[in-house]
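Below is one structure, written out as structure tokens; the observations come after it.
Both counts, for ligands and for their atoms, begin at 1 and track the order of listing.
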Amino acid sequence: MIRAVAPGRVNLIGDHTDYLGGLVLPMAIHLGTTVEGTPGGETVSLTSADEAVPATVPLDVEDPATVEPGWARYVAGVVAEVRPTTGFTGTVSTTLPIGGGLSSSAALEVAVALALGFEGTPLELAEACQRAEQRASGVPSGIMDQLASAAGVEGAALLIDCRSMEVRPVAVPDDIEIVVVDSGEARTLVGSAYAERRGQAEMAESVIGPLRDATTLDLKKLQDPVTAARARHVMTENARVWAFAEALSQGWPAEAGALMAASHASLRDDYEVSTPTLDALVGRLSATPGVYGARLTGAGFGGCVVALTEPGALTEGWKVRPAAAAQVATS
Ligand code: GLA
């Protein structure tokens, strides 16, 4: 029997920067997905307590995006990347809200890859699962979610440089809480709008070079105000990630909270990936006594908000703790 467990993630700061070689600061969380089963047979066959129809994927699957039901596409994407020589029969269970912005799909991919016998470094595991996600969803997503799940460190957030792929743990102090609140708004636009934003940022890079290295003077070379705003978000967000990592490790929660507020404003005004519902939720949480700061987390267009708080300040949402990386056990 093989048992693979992979955590979900919450991103504390640094959104829409990973696919531009920028900086992100996610953490793996104690909620996650488990795949349990036995190798053998000609297909990868998984049942899930949360899904009516099981996933049955042939080992030579060609186009994961056309597989039914929808959740089986993520399994198929992994099968297409790992290409196991034998099948697998088992079950999937999760403590993550599915599609709720805590990277349930990345956790599923990483757990399936490990259950199918993937061998390699955490970065190689994350890269294979990123490609699986792109094959399954058609969205040109970055590496953050899969790498957070594959490289998590108990008690720490991960400062990831998405250019060098260096992962540096940043301890999360015991006297702060990280709370995730679901806006209840489904991320319906995420496919097309995500790709559009990425395209706009890449358009800016074609004029002024890597946004990671650009300066505010370079911004003036961007004639189109929308392109300039997209670039400004990425550049200022990278700077906020450094500052946030410093604030967290120095034990300055008020500074960290202020950076989260600035990140949300930038995602709302310059990158335009927030919604009125997310803005209202961030506003309400930020105004609650004991909350240092709050922001949308992940792609935006709905989904979840993350807040940094004094212990006990919020009584809603999930109180998440930084958790260890995905792992596999055989018995
Ligand atoms: C999604 C993607 C990530 C990242 C975030 C935005 O979660 O999967 O790669 O781009 O959006 O920061």
[X]: numbered ligand 1 atoms lying under 4.0 Å from its heavy atoms:
X      : value
His16  : 6 (C), 12 (O)
Met144 : 4 (C), 5 (C), 12 (O)
Tyr19  : 10 (O)
Gly142 : 9 (O)
Asp18  : 3 (C), 4 (C), 9 (O), 10 (O)

With backbone taken as N, CA, C and O and side chain as the heavy atoms from C-beta onward, which portion of Asp15 lies under 4.0 Å from ligand 1: side chain, backbone, both, or neither?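 The part of Asp15 near ligand 1 is both the backbone and the side chain.
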State, with a plain yes or no, whether a side-chain heavy atom of Leu108 is found less than 4.5 Å away from one of Trp71. yes
N-O pairing of Asp224 and Arg230 below 4.0 Å: no
Pair Glu272 + Arg197, salt bridge at N-O below 4.0 Å: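 No salt bridge links Glu272 with Arg197.
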Apply side chain to side chain donor-acceptor pair (under 3.5 Å) to Ser105 and Glu133, showing your working. CA-CA 8 Å; Ser105 64; Glu133 169 96 25; 3.0 Å; yes
To the nearest 0.5 Å, what is the distance between CZ (Arg212) and CE (Met235)?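 The CZ atom of Arg212 sits 12.5 Å away from the CE atom of Met235.
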At what distance, to the nearest 0.5 angstrom, does CE of Met144 lie from CD1 of Ile160? 8.0 Å
Please check this pair: side chain of His30 against backbone of Arg321, looking for a donor-acceptor N/O pair closer than 3.5 Å.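 Pair found, side chain donor or acceptor close to backbone of Arg321.
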Tell me whether Arg9 reaches ligand 1 (any heavy atom closer than 4.0 angstrom to a ligand atom). yes
Which protein non-hydrogen atom lies closest to atom 8 (O) of ligand 1, naming both residue and atom, and how far is it? Asp145 OD2, 2.8 Å
For atom 10 (O) of ligand 1, what's the nearest protein heavy atom and its distance?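 Ranked first by proximity to atom 10 (O) of ligand 1 is Tyr194 OH, 2.6 Å.
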